[in-house]
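This structure is a prediction, so every number in the text was calculated from the model and none was measured. Each chain gets a letter, A, B and so on, in the order its sequence line appears, and its residues count up from 1.
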Amino acid sequence: MALRIYNTLTRKKDEFTTIEPGKVRMYVCGPTVYADAHLGHAMSALVFDIARRYLEYKGYDVRYVMNFTDVDDKIINKANELGVDPFGLADQYIAGYKRNLEALNIEPATVNPRATNDMPQIIEMIQKLIDNESAYVVDGDVYYSVEADPDYGKLSGRSLETMNAGSRIQVDERKEHPMDFALWKSAKPGEPAWDSPWGKGRPGWHIECSAMNMVHLGEQIDIHGGGNDLIFPHHENEIAQTESITHKPFARFWMHNGMMGLKDEKMSKSVGNMVTIDQFLREHPGDVMRLWVLNGSYRSPLTYNEAVIEQTTQGYKRLLSAKKGALPGVTGLSASEMTKLEEAANSTRQAFVEAMDDDFNTSLAMAAIYELVKVINQARTDGANDAQLGIAQTVFNELTNTLGLTLEEEATSGTSADAFIDLLVALRRDLRAEKNWAMSDKIRDELKVLGVILEDSKDGTTWSWEN
RNA sequence: GGCGACGUGGCCAAGUGGUAAGGCAGGAGUCUGCAAAACUCUCAUCAUGGGUUCAAUUCCCAUCGUCGCCUCCA
């Protein structure tokens, strides 16, 4: 079975192949670090983490690069507002972003390059573009000339003529073409600046990604990802810059995730309608965020509202139910029943792979996993013991781990409280034997307030920490 | 104005030219002292109007609606 990925460049699902057998070179556009990351960043990071994990599950060795844009107007403005050093400010937000990613169980990137660390290569690329007449210098600024690139617009499906129509922005008169974009911006007094052949300044937004790709992955890469708001102009410009130098196709696959919305509008830092990752994680497990993303299609938009998060939380609890152990006092399943259980687990794995191979159809993959949850719970109800359940649960764990779900019970078990709770449960058993329902219900209710859930069955009582 | 995506049950959301996965919520049961969990059963003709076809939710056209991009943005 072959993996197929929807490629923005071809506008269809293409069979996934790599430049180098068994190895994937993958670059994902990270944030510009001037504010706390919001759920849109989380969505994007999760989407590509899931893709990356699945590629690794398929046996690929993935070199995963996610950059930080750490020098830009917004950062400088914010730093000036606060009266702090822009580099320190960027450092602070980068640290915060990394904490967020960790809390969401996102695998660390192989490399997290920063624009300011690859300045020599950025300058070198700009010089090459000037040398081959793809770019020109005006008063210390350098612009890329879109007319020098006959393919310009191939990713976003636009032509230079149609793009001018309706444009409401003021065009810099010094540009040769209105769509020309800055490769190098000359420094104003007090701004961070680097020396260059064109004077002190800093790189434009697009060139840094081209340069970091070149440095950390090479001239050609397998997958380039990001939010679909980056298709134009950012990724279009990356292609133009890189291919003007290499004359080779830059990225084989362009993957773009849908936007996170809040009340019928895109969530974004500039609009200001955002829920930060920190805010979300204060109230919900990271798994819920991930499951929310998994429930849908990565290319479609996602709209935040409390009701949907509540629904997702319920689904999350259902997944957790599959991990529970055997009921007390069970005798075990028969050999034929076990065969059916194992077959169900294996067919789930197959359905999972088929779903994921089809452009990471996580929604369908989750459906397969929920089927397995049902099968496991049925087996438990039918009297399977821990070892028998474990056979199916191993597959369940394999698949949910591949999607990056942790499904960890609250890490409070194993604490000194356990013995006391066991004691209360034991006392309550005696109360129940005496049919002292008032007291036994009170213990159950009070423990619930403390986050301990008691569940009675005819064979005894089990307890767990509330998630 | 241009480019693109989307519109599936109360909510979220897959999917296919031959009468629609999964999750949440709801209804009815089993179990239970009760509760909870789990299990069983149940719950849609796919925005609207045309067209193509033996057959369309799935293809084509139109209409309405929503969203994204065209300016920094994951």
Side-chain angles (χ1 to χ4, degrees), chain A residues 8 11 28-32 34-35 37-48 66 69 72-74 153 156-159 161-170 179 205 225-234 236 256-261 264-271 291-292 294-297 299-303 305 307-322 324 327 351 355 358 361-371 373-374 376-382 432 435-438 440-441 444-445 448 453-458 461-462 464:
Chain A
T8 306
R11 293 164 193 275
V28 176
C29 283
T32 301
Y34 71 94
H38 57 66
L39 298 186
H41 298 104
M43 177 185 182
S44 186
L46 284 165
V47 161
F48 292 106
M66 193 203 71
T69 297
D72 138 292
D73 290 344
K74 295 243 169 69
S156 55
R158 299 154 200 251
S159 64
E161 303 80 66
T162 60
M163 276 189 289
N164 292 331
S167 176
R168 287 175 296 166
I169 39 159
Q170 285 194 335
M179 296 308 295
W205 177 37
N228 69 202
D229 55 346
L230 299 182
I231 295 172
F232 189 91
H234 186 55
E236 194 72 71
H256 293 100
N257 63 275
M259 290 293 101
M260 170 71 64
D264 302 329
E265 191 175 23
K266 189 178 87 165
M267 186 178 290
S268 98
K269 286 181 282 197
S270 46
V271 178
L291 188 58
W292 181 27
L294 288 168
N295 181 48
S297 150
R299 287 192 277 137
S300 298
L302 220 47
T303 304
N305 71 65
V308 170
I309 301 306
E310 173 56 29
Q311 289 171 19
T312 307
T313 302
Q314 292 304 116
Y316 165 66
K317 288 181 180 170
R318 178 162 177 77
L319 290 178
L320 247 24
S321 75
K324 292 184 177 170
L327 267 21
D358 183 12
N361 189 333
T362 54
S363 183
L364 200 54
M366 284 311 303
I369 288 174
Y370 279 115
E371 294 290 346
V373 170
K374 178 180 283 192
I376 290 171
N377 287 341
Q378 281 170 333
R380 185 188 304 101
T381 300
D382 292 344
R432 293 184 70 222
K435 298 194 189 300
N436 187 341
W437 308 127
S440 61
D441 286 354
R444 187 173 61 196
D445 292 345
K448 177 152 174 45
I453 306 293
L454 299 195
E455 293 182 359
D456 298 324
S457 75
K458 62 177 183 293
T461 300
T462 58
S464 60

With rounding to the closest Å, how many angstrom separate the [atom1] atoms on [N] and [M]?
{"N": "G17(B)", "M": "C59(B)", "atom1": "C1'", "result": "8 Å"}
{"N": "G9(B)", "M": "C61(B)", "atom1": "C1'", "result": "28 Å"}
{"N": "A21(B)", "M": "U42(B)", "atom1": "P", "result": "12 Å"}
{"N": "C41(B)", "M": "U8(B)", "atom1": "C1'", "result": "24 Å"}
{"N": "C24(B)", "M": "U66(B)", "atom1": "C1'", "result": "24 Å"}
{"N": "A35(B)", "M": "U45(B)", "atom1": "C1'", "result": "40 Å"}
{"N": "G15(B)", "M": "A20(B)", "atom1": "C1'", "result": "8 Å"}
{"N": "G51(B)", "M": "G23(B)", "atom1": "P", "result": "39 Å"}

Checklist line | Any donor-acceptor N/O pair under 3.5 Å between G4(B) base and Arg11(A) side chain | finding: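 Such a pair does not exist between side chain and base.
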Note to self: Should the side chain of Arg444(A) and the base of A35(B) be counted as holding a donor-acceptor pair, with the cut-off at 3.5 Å?
What the structure shows: yes
Next item on the list: Sugar-phosphate means primed atoms, P, OP1 and OP2; the rest is base. With that split, encode nucleotides 16-29 of chain B 5' to 3' as B, S or - using protein heavy atoms under 4.0 Å.
Entry: -----BBBSS----
Sugar-phosphate only, base, or nothing, as touched by [X] at under 4.0 Å among non-hydrogen atoms:
{"X": "Leu230(A)", "value": "sugar-phosphate"}
{"X": "His38(A)", "value": "base"}
{"X": "Gly30(A)", "value": "sugar-phosphate"}
{"X": "Arg299(A)", "value": "nothing"}
{"X": "Asn361(A)", "value": "sugar-phosphate"}
{"X": "Asn228(A)", "value": "sugar-phosphate"}
{"X": "Lys269(A)", "value": "sugar-phosphate"}
{"X": "Ser297(A)", "value": "sugar-phosphate"}
{"X": "Thr462(A)", "value": "nothing"}
{"X": "Gly226(A)", "value": "sugar-phosphate"}
{"X": "Thr381(A)", "value": "sugar-phosphate"}

Item checked: C11(B) OP1/OP2 closer than 4.0 Å to side-chain N/O of Asn305(A) -> no
So if I take every side-chain heavy atom of [X] and compare against [options], which nucleotide ends up nearest?
{"X": "Asp456(A)", "options": "C72(B), A35(B), C3(B)", "result": "A35(B)"}
{"X": "Asn377(A)", "options": "A38(B), U40(B), G2(B)", "result": "A38(B)"}
{"X": "Lys324(A)", "options": "C39(B), A74(B), A37(B)", "result": "A37(B)"}

Watson-Crick or G-U wobble partner of [N], both distances under 3.5 Å:
{"N": "G49(B)", "value": "C61(B)"}
{"N": "C34(B)", "value": "none"}
{"N": "U40(B)", "value": "A28(B)"}
{"N": "C72(B)", "value": "none"}

Using atom [atom1] of [X] as one end and atom [atom2] of [N] as the other, report the distance to the nearest whole Å.
{"X": "Leu302(A)", "N": "C11(B)", "atom1": "CG", "atom2": "C1'", "answer": "14 Å"}
{"X": "His234(A)", "N": "C69(B)", "atom1": "NE2", "atom2": "P", "answer": "15 Å"}
{"X": "Met43(A)", "N": "C67(B)", "atom1": "CE", "atom2": "P", "answer": "17 Å"}
{"X": "Met259(A)", "N": "G4(B)", "atom1": "CE", "atom2": "P", "answer": "18 Å"}
{"X": "Lys317(A)", "N": "A37(B)", "atom1": "NZ", "atom2": "P", "answer": "9 Å"}
{"X": "Leu454(A)", "N": "G33(B)", "atom1": "CG", "atom2": "C1'", "answer": "15 Å"}
{"X": "Asp382(A)", "N": "C39(B)", "atom1": "CG", "atom2": "P", "answer": "11 Å"}
{"X": "Lys266(A)", "N": "C69(B)", "atom1": "NZ", "atom2": "P", "answer": "4 Å"}

Next item on the list: Kindly determine whether Ser321(A) and Asn377(A) satisfy side-chain hydrogen bond (donor to acceptor under 3.5 Å, both in side chains), including the steps that lead there.
Entry: CA-CA 8 Å; Ser321(A) 75; Asn377(A) 287 341; 3.1 Å; yes
Notebook entry, point to check: So which heavy atom on Arg299(A) is nearest to which on His256(A), and how close?
Noted result: CG-O, 3.7 Å
Checklist line | Smallest separation among heavy atoms of Arg380(A) and Ala322(A), with atom names | finding: NH2-O, 3.6 Å
Margin query: Once rounded to the nearest 0.5 Å, what's the spacing between atom CG of Asn228(A) and atom CG of Asn257(A)?
Written below: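 Result: 6.5 Å between the selected atoms.
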Notebook entry, point to check: To the nearest 0.5 Å, what is the distance between OG (Ser44(A)) and NE2 (His38(A))?
Noted result: 10.0 Å
Note to self: Which is more 5' along RNA chain B, the nucleotide nearest Gly225(A) or the one nearest Arg158(A)? Just name the residue.
What the structure shows: Arg158(A)
Margin query: Do Arg318(A) and Tyr370(A) form a cation-pi contact, if we require the NZ or CZ to be under 6.0 Å from the six-membered ring centre and within 45 degrees of the ring's axis?
Written below: no
Going by distance alone, is a donor N or O of one side chain under 3.5 Å from an acceptor N or O of the other, for [X] and [Y]?
{"X": "Thr461(A)", "Y": "Asp456(A)", "answer": "yes"}
{"X": "Asn295(A)", "Y": "Ser363(A)", "answer": "no"}
{"X": "Ser156(A)", "Y": "Arg158(A)", "answer": "yes"}

Notebook entry, point to check: Ion pair present between Asp445(A) and Lys448(A), side-chain N to carboxylate O less than 4.0 angstrom?
Noted result: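 Salt bridge between Asp445(A) and Lys448(A), a charged N being under 4.0 Å from a carboxylate O: no.
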